[in-house]
Amino acid sequence: MCEREPIHVPGSIQPNAVMLAADAGSFEILAYSANAADVLPPAFFPPTGHRLEAVLPAGIVSAIRDGLAAHSLTDGRGLRRIITLPPKGAGSQGESFHLVAHVHLGRVIVELELAPERAEDFSAASPLDTELAMARLRAAESLTEAAQIAALEIRAVTGFESVLVYRFDSDWNGEAIAEDMVPDWQRPLIGLRFPASDIPAQARALYTKAKSRFVIDRDCVPVPLVADRKAGNAPIDLTFAQNRTLSPIHLEYQRNLGVDGSMSVSIMVENRLWGLMIGHHRRPHYVAPETRAAATVLTDAFAMRVQEIEGKALWSERQHHLDLQGRLVRRLTRTEDFAQTLMEGSPALLDLFGTSGAAIVSDDAVRQAGATPGEAAIGALAAWLRTSVPAEARSFVTDTLVLHHAPASAYTETASGLLAVFVGSERRHLLLWFKPEMPSTVTWGGDPRKPVLPGSGPVAVLPRRSFERWVEERRGHSAPFAPWKVDLAEQLAEAVDGVVLRQRRKIAELTELLAEKERLLEQKDLLTREIDHRVKNSLQIVTAFLHMQRRQIADPAARQAFSETSARVMSVARVHDSLYQGDSLEQVDLGQTIQALCDDLAGMAGDEHSVAMTAEAGLMVPYRHAVALSLITTELVTNAFKYAGRPERGARITVTVKGRTDAAGGQEGAVRLTVCDDGVGMPPDWESGKAQGTGLGMKLVRAMLEQIGARLEAENAGGACFTVHA
């Protein structure tokens, strides 16, 4: 079959070039094309046994050695020069060649292409034309517009009679999405689809490595490679060779298509083969090397514009879904009935992923929204998913459900597509989204069921001959689910499991524990502590969600806002942690709480910042005071990180917590909290000693001060220094 054809080792090259293959260590020539005698003096033919220095100019050989040392001639990169070889004999003149050299698998591959005697007869792309074409590509606002501009500009540059933009789908079927052609072009391909077998896997792999291929004449006679015994038995790998011959099956395919001269340039988007820029000509067609390079550059510019257009659309859609899912998760944190919350209100499960129906299966109970199969059918589907999907898989997704679950044939109109995620490892709960059938017609370039035909002679199979329009009716398919939507669905299932179901399990455990206690006072004590523990856990979950959201945001200001909000939530969590661990249910060890909080803040800020903490042991304050002072500490410390840091090092911050004493040295039962840094100090408008900041942080500080009847003093003392008297 053609999928197994070793197209990277054809054993021959196109006749418009001469090839030499040398050992990358010794530069001894190990193989050559049979037409090398046309360019080499008789004394150096055959060239095997000679070194490259004997047949190439010394400067070129030196440049190849330098490229080898710098590793700049591998992975498809090459050395390009125009050289003149010495005359072959007396009375002859030296000829000019376009030389391309690269290194692959321990071989130096040198290709010599004879320069045209009259270069002016072949149009060459000017830098200005290329620059203007790239500007028009950058201005394109849609994929369709960009593809049409690319086809037009590349055809104008290369002179092909037809240039089309060929895009692969997720199954490697292809579609011509844009085409520019001469008026009398008789076989337009725009809008046609082509099966994956037309460009098999090994050809796609080669396109990923070697980005361009130009063929002057489909019917040219290939020039075989002649190898010395020192080259070994393995054929010379021509993966990156510019003039490698095409496979017989490919040439027959072009013959059936009515194409002689051709071009194909890979369209690489995010290091993946997105498609091909294809040129067709009904006669032999020569393209100058400079123009080939320009076509490759323009194709790369188109690929970058594709990435920008598709990336922008994807980012916008993902942000919309992230916003919906974030709001839904926040609603979940305030509920005891996760199924009701997911199915009712706004946003709800049905609002995600652009589906027409959604359902939740919790044990044997089914809840539905939108257009879905019946309750019994969903129950049967859930049972099938629990037993058929591998245990390690967290989700199942398809756009052709009937191919996996035969009973789905009864409801393909409402549920041809399915995204299902398991909540928890026990698989008791399932979240499901359904997509309806999208009946469609696909116009193929020929019957896709007949990709090859039996051959004879050296070619065992032949590509199909017909490219007439062939229409296929497609049923049982839905619009596919994008992979990132599957990821978001799995994250939602984790949130349901972590925020709601685990809370419910903890409540059940707590209820059992309380039932064992004999005294009501002991029950109250345990319940209060568990509530504080749950509040702390819930706040930590909220902090985790803020971190998750922060990683999805590129804007520095927004990321900073999320970090500050996370720190504030964390400070309250620390107070509840102290309540949970302490002996009293109403009093908090302030020094212990602030110490833990400072450790957390220093860890979030990074190694360049440090916080030194001094606290009076056993300083107990009411819960309300502890929350306010923790929030104030968070704002003052994070402000110090932000403004006191220096380019060469971070901020050094000292925090002191101790009780205030009266004039006689007795304890007043009050607190003095000091936060100082080693920065440049405060601006003059802070000299009054009042907290006059206008930012959200200082507004929060003033609110907390007012809440507990405290006051704030600010001064410059080797840096900014704030003292809270509470």
Side-chain angles (χ1 to χ4, degrees), residues 529 532-547 550 560-582 584 586-645 650-659 671-677 691 696-698 700-705 707-708 710 712 720-726:
R529 291 184 185 282
D532 279 321
H533 186 50
R534 286 173 53 199
V535 169
K536 180 204 73 173
N537 286 346
S538 296
L539 291 172
Q540 288 177 337
I541 291 173
V542 172
T543 302
F545 287 152
L546 290 171
H547 280 299
R550 176 179 177 270
Q560 180 63 28
F562 270 86
S563 295
E564 293 173 357
T565 303
S566 176
R568 292 162 185 154
V569 174
M570 182 180 64
S571 65
V572 179
R574 275 300 175 192
V575 175
H576 283 278
D577 190 41
S578 296
L579 276 172
Y580 174 74
Q581 297 183 21
S584 172
E586 299 177 355
Q587 297 282 317
V588 176
D589 187 327
L590 184 63
Q592 185 183 69
T593 301
I594 299 296
Q595 176 69 66
L597 177 61
C598 288
D599 292 342
D600 289 340
L601 292 172
M604 290 174 60
D607 295 336
E608 69 273 16
H609 298 298
S610 67
V611 181
M613 171 71 188
T614 303
E616 182 176 323
L619 182 58
M620 307 299 291
V621 299
Y623 161 80
R624 190 164 62 93
H625 281 59
V627 170
L629 291 170
S630 294
L631 284 170
I632 291 170
T633 302
T634 297
E635 297 304 324
L636 295 178
V637 170
T638 54
N639 270 347
F641 287 151
K642 188 186 300 183
Y643 298 114
R652 303 291 184 267
I653 301 167
T654 57
V655 179
T656 305
V657 178
K658 61 182 180 179
V671 174
R672 184 169 64 190
L673 167 68
T674 303
V675 178
C676 299
D677 61 55
L696 175 62
M698 290 311 300
L700 180 60
V701 168
R702 287 197 294 272
M704 292 297 101
L705 291 170
Q707 185 180 97
I708 61 175
L712 176 67
C721 197
F722 297 85
T723 302
V724 177
H725 300 276

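- Considering every non-hydrogen atom in both Val611 and Ala602, the closest pair reads CG2-CB, 4.1 Å.
- Every residue meeting the side chain to side chain contact (heavy atoms under 4.5 Å, CB included) condition with Thr654, not counting sequence neighbours, appears here in chain and number order: Ala612, Cys676.
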Test side-chain contact (heavy atoms from CB on, under 4.5 Å) on Val655 and Leu673 and set out the steps.
CA-CA 7 Å; Val655 179; Leu673 167 68; 4.0 Å; yes
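- By the 4.5 Å heavy-atom criterion applied to side chains, Val675 and Ile632 are not counted as neighbours.
- In this structure, the side chains of Met620 and Leu590 stay at 4.5 Å or more apart for every pair of heavy atoms.
- For Gln707, the side chain to side chain contact (heavy atoms under 4.5 Å, CB included) test picks out Arg624, Ala628, Met704, with sequence neighbours left out.
- Counting all heavy atoms, side chain and backbone alike, Thr634 lies closest to Leu601 at CA-CD1, 4.0 Å.
- Once rounded to the nearest 0.5 Å, the distance linking CG of Asp600 with CD of Gln595 reads 10.5 Å.
- For the pair Asp677 (side chain) and Ala644 (backbone), a donor-acceptor distance under 3.5 Å is absent.
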Chi angles and distances behind the side-chain contact (heavy atoms from CB on, under 4.5 Å) call for Met613, Ile594
CA-CA 8 Å; Met613 171 71 188; Ile594 299 296; 3.7 Å; yes
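- Here the closest non-hydrogen pair linking Ser630 and Thr593 is OG-CG2, 3.8 Å.
- In plain terms, the two heavy atoms of Ala640 and Ala651 that are nearest each other are O-CB, 3.7 Å.
- The ring pair (Phe, Tyr, Trp, His ring centres under 6.0 Å) check on His609 picks up Phe641, with sequence neighbours excluded.
- By the side chain to side chain contact (heavy atoms under 4.5 Å, CB included) test, Arg652 is found to be paired with Ser610, Arg649, Asp678, residues two or more places apart in sequence or in another chain being considered.
- At a threshold of 4.5 Å between non-hydrogen side-chain atoms, the residues Phe722 and Thr674 do not count as touching.
- Contact annotation: the side chain of Thr614 never approaches that of Val657 to less than 4.5 Å [non-hydrogen atoms, C-beta and beyond].
- Under the side chain to side chain contact (heavy atoms under 4.5 Å, CB included) criterion, Ala710 pairs with Leu705, Ile708, Val724, Ala726, not counting sequence neighbours.
- When all heavy atoms of Arg672 and Thr723 are compared, the pair lying nearest together is CG-CG2, 3.5 Å.
- Within the model, atoms CD1 of Ile653 and OG1 of Thr638 stand 8.5 Å from one another, a figure rounded to the nearest 0.5 Å.
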Any chance you could lay out the side-chain hydrogen bond (donor to acceptor under 3.5 Å, both in side chains) test for Asn639 and Glu635, step after step, and finish with the verdict?
CA-CA 6 Å; Asn639 270 347; Glu635 297 304 324; 5.4 Å; no
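- The two residues Ala626 and Val588 have their closest heavy-atom pair at CB-CB, 3.9 Å.
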